[in-house]
Amino acid sequence: MRASGTALQACTEAHGRSASLPHITHRVSRLRKKLSVPPRNGPRCKKGHISSDPPSLSSPINSLPDHFSPLFLPQKKRSPVSLPRGFGGGREWKEAREGSIEGEGVGVSGYGIWPMSGEKPPVEICKGVNGLDKVVLREVRGSSAEVYLYGGHVTSWKNDHSEELLFLSTKAIFKPPKAIRGGIPICFPQFGSHGNLEQHGFARNRLWSIDTDPPPFPTVSSNKAFIDLIFKPSEDDFKIWPHSYEFRLRITLGPGGDLMLTSRIRNTDGKPFSFTFAYHTYFSVSDISEVRVEGLETLDYLDNLKAKERFTEQGDAITFESEVDKIYLGTPSKIAILDHEKKRTFVLRKDGLPDAVVWNPWEKKAKSMADFGDDEYKHMLCLPQWAAGSSKGASRMKIIMLYDLQAHSFVGCLASKLKLSFGGKKERRRDILYDNIKAVFKSKAHLLIKSLRLNLVRGVDGIQIFEALTLALLFKARNNGRLGPGLPVAEAAVGGKKP
Ligand SMILES: O=P(O)(O)OC[C@H]1O[C@H](O)[C@H](O)[C@@H](O)[C@@H]1O
């Protein structure tokens with residue numbers, strides 16, 4: 001809840017004035033409304049549905065904003081029918097499913113008990129592109145995900161405004177043996193070229209099945225939309241890679257619209273083997289040059305574009321202006337992708353996946369890829385999380401991805417657009433503006449300008465008007481080492497007049 005607290009605080013302290021309690025309460029409730037967060041106290045807990053299944057990771061997600069919390073899922077009337085393992089969406093779904101399995105077209109549709117009022121079912125099996133089987137997961141608030149059995153591949157993840165959060169190429173080829181370009185390919189038993197197998201292994205271009213009898217999970221997912229998939233190697237696969245195993249993948253859409261993938265690999269003949277694995281996640285971004293990645297700064301990386309030479313990352317956060325293909329080593333369990341343009345932040349939490357790749361092919365390579373549009377590199381960022389594992393028994397790798405429409409990261413971030421006018425020479429104007437804004441931030445001690453862009457927008461009476469786009473991050477206050485509250489970029493600074 002800390003991140004949300006920071007955002008609320010940032011908002012309540014906006015415009016640099018102290019606020020009275022009723023004033024703050026009013027603004028907090030306005031912000032809560034905007035974020036679709038039910039009001040605090042009383043009815044919230046009573047009306048809400050308390051999940052018995054809080055996501056469990058080595059680092060708990062208790063610092064997530066309120067609106068990710070499963071506490072606020074509206075209560076639905078449930079029918080006491082049990083659901084076979086392997087399907088999520090609530091117990092009542094079994095009856096709906098059994099009542100309506102079809103041979104062709106929509107394989108499973110909500111009928112019978114679910115839906116109650118024309119609602120679509122939380123788990124639906126249907127046909128996708130080229131007649132390939134796909135599973136659609138839906139959450140009551142409107143978020144959804146789509147998973148192809150071909151590759152066990154998540155191809156779509158939408159928030160409750162139906163905005164797509166994953167990148168999928170318009171030229172993606174949905175035809176074996178080509179892997180689908182975009183979404184979340186599963187790379188196994190080899191990631192990249194770290195071995196003798198084909199690039200990224202073969203699991204991404206094999207047909208997976210629905211696992212109707214998965215071994216129990218440590219946590220129960222009965223209240224979420226989820227699907228269990230399984231991949232077992234064929235005899236031909238065994239010839240390429242002579243190891244016996246079962247690869248199980250659970251894909252869960254949480255009540256807050258968060259997407260969670262859990263992979264479990266079980267050695268089935270006891271002979272140990274090693275593998276590499278990745279969730280090769282393609283995120284959809286508005287404009288790659290406006291995107292920053294936080295959490296990887298100062299880490300060591302191997303540069304795939306320089307024969308895997310080892311370097312140390314410099315600077316505050318990762319930004320993009322050319323092709324990048326780096327393997328970051330020993331990454332933290334939490335990485336954030338800030339999409340400044342869309343005012344959207346992805347937060348990625350992972351477990352059992354120590355390393356992360358950052359890949360964007362940029363213009364030249366994009367043109368050389370048959371299943372990738374020439375300009376599509378501008379709208380995607382690939383951030384595979386990967387691990388090298390050995391399987392004497394079982395391995396488990398998990399990611400949770402969250403999105404936040406407010407432009408704040410786990411550190412906290414403020415973005416602002418100002419229009420300011422200045423006389424004088426062009427370069428000097430830029431300098432003055434920058435210095436002035438910087439001074440305002442510096443004086444607040446806990447704010448740091450992360451980027452500043454100036455665009456000439458129009459001239460009035462010979463005075464040039466600049467639009468200043470600023471992005472500031474909160475950072476640890478010097479005096480006590482704690483996160484400081486946010487302050488506005490403010491009608492900021494400089495005494496420039498707003499047009
Ligand atoms: O074209 P693919 O086999 O799907 O690989 C796409 C990309 O995946 C990874 O991120 C690698 O680091 C890149 O070197 C590679 O180009």
Side-chain angles (χ1 to χ4, degrees), residues 129 148 150-155 166-206 208 240-241 261 263 275-285 288 291 293 295-296 299-311 313 318 320 322-331 335 337 346 348 350 353-388 397 399 401:
V129 182
Y148 274 74
Y150 178 56
H153 196 131
V154 177
T155 53
L166 295 177
F167 166 84
L168 179 69
S169 173
T170 53
K171 294 198 166 178
I173 299 164
F174 286 74
K175 208 172 177 185
K178 186 79 192 156
I180 300 166
R181 174 72 63 198
I184 312 179
I186 300 292
C187 304
F188 177 84
Q190 175 183 304
F191 172 58
S193 52
H194 303 268
N196 304 322
L197 300 175
E198 62 192 279
Q199 162 107 330
H200 296 328
F202 48 77
R204 65 174 176 162
N205 47 26
R206 294 288 186 276
W208 293 51
I240 304 171
W241 201 63
L261 279 76
S263 289
F275 63 88
T276 47
F277 162 89
Y279 295 113
H280 198 286
T281 317
Y282 289 76
F283 289 99
S284 166
V285 297
I288 186 68
V291 166
V293 177
L296 304 177
L299 295 183
D300 278 8
Y301 65 86
L302 309 176
D303 196 336
N304 278 336
L305 302 176
K306 293 181 181 155
K308 295 196 169 55
E309 205 181 325
R310 191 171 178 136
F311 298 91
E313 191 58 68
I318 320 285
F320 303 90
S322 59
E323 182 181 358
V324 56
D325 192 351
K326 296 174 177 177
I327 304 172
Y328 288 87
L329 306 171
T331 58
I335 297 173
I337 300 169
F346 292 105
L348 218 152
K350 57 196 177 68
L353 294 153
D355 301 333
V357 175
V358 175
W359 177 61
N360 185 297
W362 221 255
E363 199 170 357
K364 198 167 157 214
K365 189 159 185 203
K367 286 185 177 156
S368 72
M369 292 157 66
D371 58 348
F372 194 87
D374 288 359
D375 283 337
E376 286 184 334
Y377 73 94
K378 292 177 185 165
H379 307 298
M380 73 81 139
L381 175 64
C382 206
L383 218 153
Q385 308 79 47
W386 78 285
M397 287 83 64
I399 50 169
M401 296 186 296

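Indexing begins at 1, ligand by ligand and atom by atom, following the structure's order. Here the structure is a predicted model, which is why all the values come from computation and not from measurement.
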Next item on the list: Mark yes or no for whether Trp208, through its side chain, and Ala203, through its backbone, hold a donor-acceptor pair below 3.5 Å.
Entry: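 Yes, Trp208 side chain to Ala203 backbone: donor-acceptor pair under 3.5 Å.
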
Item checked: Main-chain N/O of Gly201 paired with Gln199 side-chain donor or acceptor, under 3.5 Å -> no

Margin query: Quiz question: by atom type and distance under 3.5 Å, do the side chains of Tyr282 and Ser169 form a donor-acceptor pair?
Written below: no

Checklist line | Closest protein heavy atom (residue, atom, distance) for atom 16 (O) of ligand 1 | finding: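 The answer is Lys365 NZ, 3.0 Å.
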
Notebook entry, point to check: Of all the non-hydrogen atoms in the protein, which one sits nearest to atom 6 (C) of ligand 1, and at what distance?
Noted result: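 That would be Trp359 CH2, 3.5 Å.
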
Notebook entry, point to check: In terms of the angle between their ring planes, are Trp362 and Tyr377 parallel, tilted or perpendicular, with boundaries placed at 30° and 60°?
Noted result: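 Plane angle between 30° and 60°, so tilted.
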
Checklist line | Contact check, Arg181 vs ligand 1, heavy-atom distance below 4.0 Å | finding: yes

Note to self: Distance to the ring centre below 6.0 angstrom and angle to the axis at most 45 degrees; does that hold for Lys306 and Phe311?
What the structure shows: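 Positive - Lys306 is close enough to the ring of Phe311 and near enough to its axis.
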
Notebook entry, point to check: When you measure from atom 3 (O) of ligand 1 to each heavy atom in Glu198, His280, Arg204, which option holds the nearest one?
Noted result: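 Checking each option, the heavy atom nearest atom 3 (O) of ligand 1 is found in Arg204.
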
Notebook entry, point to check: Going by the order shown, which atoms of ligand 1 are within less than 4.0 Å of some heavy atom of Asp325?
Noted result: 11 (C), 12 (O), 13 (C), 14 (O)

Checklist line | Proximal atoms of ligand 1 relative to Gln199 (non-hydrogen, under 4.0 Å) | finding: 2 (P), 3 (O), 5 (O), 15 (C)

Next item on the list: For ligand 1, note which part of Asn304 has a heavy atom under 4.0 Å away: side chain, backbone, both or neither.
Entry: side chain

Check: Should the pair Lys326-Glu313 be classified as a salt bridge under the 4.0 Å nitrogen-to-oxygen rule?
Finding: yes

